[in-house]
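All remarks here apply to the structure that follows.
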Amino acid sequence: MPVIDIHSHFFPRTWPDLAARFGTPNWPWIKHTEPGKADIMVGDKFFRHIYSACWDPEVRLQEMDRDRVDVQVISATPVLFAYDRPIEHALDCARLFNDAAVELCAQGEGRLRALCQVPLQDPDAACKELSRCMRAGHLGVQIGNHVGEKNLDDPGILTFLHHCADEGAAVLVHPWDMFGQSRMPKYMMPWTVGMPAETQLGIVAMILSGAFEKLPRTLRICFAHGGGSFAFLLGRLENAWQHHPVAHGFCELPPSQYVNRFSVDSAVFDPRALNFLVETMGAEQVMLGSDYPFPLGEQRVGSLIRTSHLSADAKEQMLGRNAENFLNLKETNPEPISQSAAGPIVPQGNQLTYSSYLKVPELLELQHPQSSPQHHDELLFIIVHQTYELWFKELLHDLDAVVRNLRAAGASSQSQDEVYEAARLLRRCTEITRVLVEQFTILETMLPTHFLAFRGKLEPASGFQSEQFRELEFLCGLKDEKMLRYHKPTPEAHAQLERRLREPSLRDVFFGALRAIGKLHVDASATEQQGFEARARAVLALYQDEHSNRHWIDVCERLTEFDELVVSWRLRHIQLVERVIGARMGTGGSPGSSYLKLTLGKKFFPELWEARTLLTE
Ligand code: HEM
């Protein structure tokens, strides 16, 4: 099943000077600002930053591959609709961009399809241009949700929609020319507030006017941006319809009965909103639509649907199956890229894939820089920390297994297998930690000035709050109850650390096992110091009889190495801290590197080091 994005936009690299062509001002034009980047201007006013994906099929296809999108449906941008211009200008403009869309699709290796635009202020001209475009290969049309004061229930627009049904053209309704703009001069509110309301208005106008009764059921019509606020406010509409005759309009059925007459796209950007949309509309009425490649579009096309908890079938419907019907693509469907790619085994349907197994889309969604505009290096900062946390997870996983093996070794002095296994896993832990020490160098490619540019956004987040780091310390035997205070805001982490605090540590279990197999002798009445010395002597005894204790010595060596590497980690971390923030305070409120230096003397397994002092030649 190909993945199809039904809502994306394009701009040609260049187009004629429309103001000069028509002799009227304030037409959109493109100002290339630097390689791969441009601004859309309307007259002398800035409208939007865009980048080369708008006009360069190579860039677009690469990003489609990255996002695993097989087909993208491109349409021009509402700013080009020209519904308020003389018909001959609007028609000429529509033709220009419709032909440009066909040209772009021709370079799209069969993966780009187009929706045309029409001069909707003149239904006859609009119908003719639609028919011309359908013959040229367009799959349908993108229209605005209103023409001046006329909503979608306008008789002329209904005539046009009827024609679309006859031509088998898909209709994408896009909000535009938002009302109330004098009250929304700032913060992009026309886009965030006006657009959803415009779309809602379009849908409600069609339902209450009885337009769906007049139009054939074969009309395939979809509203962008999840239908705006429609799904969320359907209850309100329904309530008004039931209880107020004026709100009844001309529809025969309650408004909720018309949701099967139109579709919406998935551009709602929030998993809860998507769930609700699917609940309201039904999965068969929702299609992947991204608004790509505009700044307010979905950053990784399809990730909202893919990472949702909806059923596999619903996801498949939304990612492609519904769009195939909507665009009438079934006959001419290009092969999904996954199937056309060469290779002996191609996963089919719901089979496990590299991505689904590793949850790659979910993983790639987990980086959320705080700087705005985003500082280039913040992504590195996040990824390096996330990588550390992943390795901390693996370390905890392996060290827990080491503890289990040492416990088992203590329970049966006959078998050496568990001791061997503990040593083997510890070897892995030391190798991981070696990588963790090295990894700081990547972060050191970040200039101190670059870090300071976004550091302020991080407070009070700090490595102090790394639950897993503290767990590792507690698990290995360095237990400091005071550190729990940093985890008060996260009760689960707090509870987990409390559990680690109570449980015997790796150090306890190691010596417990030696004691259980008779290699450590320490009185219950022994003082702390006597106990320490007895443990160090037990280690010494292991080394002195190498032949009998090979596996145990191996465990001791790996534990020592691990200890050593954690100190290296602390040292490299301090060096990094000083390199990046000098002697400044930490975001967690500590004095910074001077505090961290106090941790350098910490050891997980001091007896193993003491045993070395006790050795004699
Ligand atoms: C620019 C990079 C970094 C800076 C400037 C930095 C700075 C600091 C500072 C100043 C502290 C002391 C606590 C505080 O007051 O915040 C700290 C603690 C800590 N940092 Fe970093 N850090 C950096 C990178 C990292 C990385 C990549 C990790 C990897 C996990 C990390 C893990 C930790 C941990 C676990 C602690 C607690 C250490 C302890 O209590 O012994 N830090 N960091």
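For the single chain, residues carry numbers from 1 onward in sequence order. When a ligand or atom number is given, it counts from 1 through the structure's own listing order. No hydrogens, no waters, no symmetry mates; every other heavy atom, side chains included, goes into these values.
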* Asked: So, Phe605 versus Phe562, ring centres under 6.0 angstrom or not?
  -> no

* Hey, which atoms in ligand 1 end up nearer than 4.0 Å to a heavy atom of Phe469? -> 35 (C), 38 (C), 39 (C), 41 (O)

* Distance from atom 9 (C) of ligand 1 to nearest protein heavy atom, with residue and atom -> Leu596 CD1, 3.9 Å

* **Pair Trp552 and Tyr543, ring centroids less than 6.0 Å apart** => no

* To do: Answer yes or no: does an N/O atom from Thr599 fall short of 3.5 Å to an N/O atom of ligand 1?
  => no

* Under 6.0 Å between ring centres, would you say that holds for Phe464 and Tyr595? -> yes

* Asked: Can you check side chain to side chain contact (heavy atoms under 4.5 Å, CB included) on Thr527 and Phe532, steps first, answer last?
  -> CA-CA 9 Å; Thr527 62; Phe532 178 80; over 6 Å; no

* Is the closest heavy atom of Tyr486 to ligand 1 under 4.0 Å? -> no

* Closer than 4.0 angstrom: is that true for some heavy atom of Arg570 and an atom of ligand 1? -> yes

* Would Arg535 count as a cation-pi partner of Phe511, with NZ or CZ less than 6.0 Å from the six-membered ring centre and within 45° of the ring normal? -> yes

* To do: Enumerate the atoms of ligand 1 whose separation from the nearest heavy atom of Gly588 is less than 4.0 angstrom.
  => 14 (C), 15 (O), 16 (O)

* Asked: Which atoms from ligand 1 have a heavy atom of Phe440 less than 4.0 Å away?
  -> 26 (C), 27 (C)

* Asked: Any chance the rings of Phe440 and Tyr388 have centres within less than 6.0 Å?
  -> yes

* Per-atom contacts of ligand 1 with Leu443, taking only distances under 4.0 Å to non-hydrogen atoms -> 2 (C), 27 (C)

* Asked: Is it the case that more than 12 heavy atoms not belonging to His309 sit under 6.0 Å from its NE2 atom?
  -> no

* Asked: ligand 1 versus His385, non-hydrogen atoms closer than 4.0 Å: side chain, backbone, both, neither?
  -> side chain

* Of Arg470, Glu467, Met483, which has the heavy atom at the shortest distance from atom 40 (O) of ligand 1? -> Arg470

* Arg60 versus Tyr292: any side-chain heavy-atom pair under 4.5 Å? -> yes

* Structure fact -> Among Val577, Thr387, Val580, Asp377, the residue with a heavy atom nearest to atom 6 (C) of ligand 1 is Val577

* Structure fact -> for atom 3 (C) of ligand 1, nearest protein heavy atom and its distance come out as Leu576 CD2, 4.0 Å

* To do: Report the nearest protein non-hydrogen atom to atom 32 (C) of ligand 1: residue, atom name, distance rounded to 0.1 Å.
  => Trp569 CH2, 3.7 Å

* Top protein contact for atom 31 (C) of ligand 1, by heavy-atom distance -> His573 NE2, 3.6 Å

* To do: May I ask you to check if Arg48 and Phe294 form a cation-pi contact, with NZ or CZ under 6.0 angstrom from the six-membered ring centre and within 45° of the axis?
  => yes

* What atoms of ligand 1 come closer than 4.0 angstrom to any heavy atom of Gly463? -> 19 (C), 20 (N), 33 (C), 34 (C), 35 (C), 36 (C), 37 (C)

* Nearest protein heavy atom to atom 5 (C) of ligand 1, by residue and atom, and its distance? -> Phe451 CE2, 3.8 Å

* **Polar atom proximity, Ser590 to ligand 1 (N or O, under 3.5 Å)** => yes

* Structure fact -> So the atoms of ligand 1 within less than 4.0 Å of a heavy atom of Phe381 turn out to be 1 (C), 2 (C)

* Asked: Would a 4.5 Å heavy-atom cut-off, applied to side chains only, mark Arg455 and Thr587 as touching?
  -> yes

* Give a yes or no on whether the ring-centroid distance for His376 and His450 is below 6.0 angstrom. => no

* Structure fact -> Closest to atom 14 (C) of ligand 1 (heavy atoms only, candidates Pro460, Pro591, Pro448, Ser462) is Ser462

* To do: Quick one: look up the protein heavy atom nearest atom 10 (C) of ligand 1 and list residue, atom name and how far away it is.
  => Gly586 CA, 3.4 Å

* Compare every heavy atom of Gln72 with every heavy atom of Ser8, then report the nearest pair and how far apart it is. => OG-CG, 3.3 Å

